[in-house]
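These figures come from a predicted structure and were not determined experimentally. Numbers restart at 1 for each chain; the letters A, B, ... are given by sequence-line order, proteins then strands.
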Amino acid sequence: MGTPREWILHVDLDQFLAAVEVRRRPELAGRPVVVGGDGDPTRPRQVVATASYEARAHGVRSGMPLRTAQRRCPDAVFLPSDRPAYDAASAEVMSVLRSFDVPVEVLGWDEAFLGVASDDPEAFAEQVKAAVVERTGLTCAVGIGDTKLQAKTATGWAKPGAVARLTRDEWFERLGDAPASDIWGIGPRTAEKLRALGIHTVLDLARTDHAELAATFGPTIGPHLRLLGLGGDDDPVRAEPRVAKGRSHEETFTTDLPDPADVRDRVDRMARGLVDEVAPEGRRVTHVAVKVRTASFWTRTRSGKLPAPTLDPAAVAAHALVVFDRFELDRPVRLLGVRVTFEEPASGSPPTDPGTAAGGEHQDAIRSTMEP
DNA sequence: TCTGGGGTCCTAGGACCC
DNA sequence: TCTGGGGTCCTAGGACCC
């Protein structure tokens, strides 16, 4: 008996936010449901987070203004976005996936990769689907591939609720003539640049010399694009939980804020609020950035490094204001955002007092004391 | 269709140093 | 005095994704 073949499975929940809402309000089943903003489609500056398939049938899409969604689907039920509920539902689902005792890499609220050694990956996928629906009441699609890109692409064919497979030897047969922009990771800007190089299809991309791509896209992205054209790289499923690099909040105001003093005050409050949120995790803040958008959609970010990493809300807020004051604002503000960046976690060991840090950490301590 | 919020990673260019 | 070359740190912005 040989070793079973290695597969990557991509699990993607169907219409996740809408499904979570329907699960707790079963009377909504079968109705068009639109989740987004505060759930009031008459208020501007709010967009659709997720539309149920019934709403999608009327042309409602993610990212569309709620007002437009209501125009397209007047009978839809509009619901406010309820993050804590989706966080909790996501945790339920991921827990079911982890119960299979395979590496699980969480991609977001409603997606994960699984690393599976099996001679019958479809059977495994069916077991996953069955377990998820039995234990959470939510349905999902599963894609199977040799790479993450292939698995993710197959999921697109499996939605909603089915299983599909795309392997290395079928890649060009099934995607060779497709536009390069069909590939996960190639957005509109990159697709446009590729077209300017005469690269239109996936096959074109796979045949392009990596040096040519590097010249246009840089030494990392260029060669990576070619790998995408070839069906993806061998990046493994990483079960280690991701450590957040930072945390941010931003808010688009229903009407623009004309008073700079008011805006400044909000920067202060947002910064303090962020640090209060993050402090229990013990991650000290090293940088703070402020984002501003005006009515014309002019959007800029300013950032700065704190004199020293800190958990003190007042210190972070003060620095946020220093950064904010570098804007020369003469117009009303549509959006305000604040982002904090955390220091690198001390690798492999719990947080240590700087005075007693050893080894690699000690080097960091030396370097930081040498800064002017 | 007047355009959300929360992330990640990469690149460019200036400052500064040797 | 016409001007090197490399390295690192830092900030701003681009691009993409869910």
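- Put simply, CD on A/E344 is 14 Å from C1' on B/dC9, counting in whole angstrom units.
- Rounded to whole angstrom, the span from the CG atom of A/D82 across to the P atom of B/dG5 amounts to 17 Å.
- Hydrophobic clustering (ILVMFWY, side-chain heavy atoms < 4.5 Å, transitive): A/V237 and A/L13 are in distinct clusters.
- With a glycosidic angle no further than 90° from 0, C/dT3 counts as syn.
- Residue pairs meeting the ring pair (Phe, Tyr, Trp, His ring centres under 6.0 Å) criterion with at least one partner in residues 5-32 of chain A, sequence neighbours excluded, are A/H10-A/F113.
- Along DNA chain B, the nucleotide nearest to A/F217 and the one nearest to A/P44 differ in position, and the one closer to the 5' end is contacted by A/P44.
- An OP1 or OP2 oxygen of C/dT11 is reached within less than 4.0 angstrom by a side-chain nitrogen or oxygen of A/H287.
- In the hydrophobic clustering of ILVMFWY residues, with side-chain heavy atoms under 4.5 Å counting as a link, A/L149 and A/L9 come out apart.
- Within the 4.0 angstrom heavy-atom criterion, no nucleotide atom of any strand lies near A/R61.
- With sequence neighbours left out, the salt bridge (Lys or Arg N to Asp or Glu O under 4.0 Å) criterion links A/E281 to A/R247.
- At the heavy-atom level, A/A244 lies under 4.0 Å from the strands shown only through sugar-phosphate atoms.
- Side-chain nitrogen and oxygen atoms of A/T252 include at least one within less than 4.0 Å of the OP1 or OP2 phosphate oxygen of B/dG5.
- Between the NZ atom of A/K291 and the C1' atom of B/dG7 there is a distance of 11 Å, rounded to whole Å.
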Within the 4.0 Å limit for protein heavy atoms, which parts of nucleotides 12-17 of chain C are touched? Write it as a string from 5' to 3', B for base, S for sugar-phosphate only, - for none.
SS-SSS
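- Across C/dT11, B/dT3, B/dC2, the shortest atom-to-atom separation from the side chain of A/T68 is found for B/dC2.
- If you take CG of A/D87 and C1' of B/dG5, they are 13 Å apart, rounded to a whole angstrom.
- Residue A/R242 has no polar side-chain atom (N or O) positioned under 4.0 Å from OP1 or OP2 of B/dT8.
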Once Watson-Crick and G-U wobble pairs under 3.5 Å are found, how is DNA chain B written in dot-bracket notation, 5' to 3', with | for any base paired to another strand?
....||||||||||||||
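- The main-chain N or O of A/R339 is never found under 3.5 Å from a side-chain atom of A/S248 such that the two would form a donor-acceptor pair.
- With B/dG4, B/dT1, B/dG6 as the choices, the nucleotide that has an atom nearest any side-chain atom of A/R71 turns out to be B/dT1.
- In terms of the salt bridge (Lys or Arg N to Asp or Glu O under 4.0 Å) criterion, residue partners of A/D38 (sequence neighbours excluded) are, by chain and number, A/R43.
- Contact check, A/K245 against B/dT8: no side-chain N or O comes under 4.0 Å of OP1 or OP2.
- Counting only heavy atoms from C-beta outward, the side chains of A/V263 and A/F324 approach each other to under 4.5 Å.
- OP1 or OP2 of B/dT11 lies within a sub-4.0 Å distance of a side-chain N or O belonging to A/T220.
- Counting any heavy atom pair closer than 4.0 Å across all strands shown, A/R45 reaches sugar-phosphate atoms only and no base atom.
- Judged by distance alone, the side chains of A/E170 and A/T167 do bring a donor and an acceptor atom under 3.5 Å apart.
- Counting any heavy atom pair closer than 4.0 Å across all strands shown, A/L335 reaches sugar-phosphate atoms only and no base atom.
- Taking the centre and axis of the six-membered ring of A/W157, the NZ or CZ atom of A/R174 falls inside the cone set by 45° and 6.0 Å.
- Within 4.0 Å (heavy atoms only), A/F16 reaches no atom of the nucleic acid at all.
- The listed nucleotides are C/dC18, B/dT3, B/dG6; the one nearest the side chain of A/D110 is C/dC18.
- At distances below 3.5 Å, at least one donor-acceptor pair connects side-chain atoms of A/R226 with backbone N or O atoms of A/A206.
- Residues satisfying the ring-ring contact (aromatic ring centres under 6.0 Å, His included) test with A/W109, not counting sequence neighbours, are A/Y86.
- Side-chain N/O atoms of A/R339 include one lying less than 4.0 angstrom from OP1 or OP2 on B/dT8.
- Of the residues near DNA chain B, A/T216 and A/G63, the one whose nearest nucleotide (by heavy atom distance) lies more toward the 5' end is A/G63.
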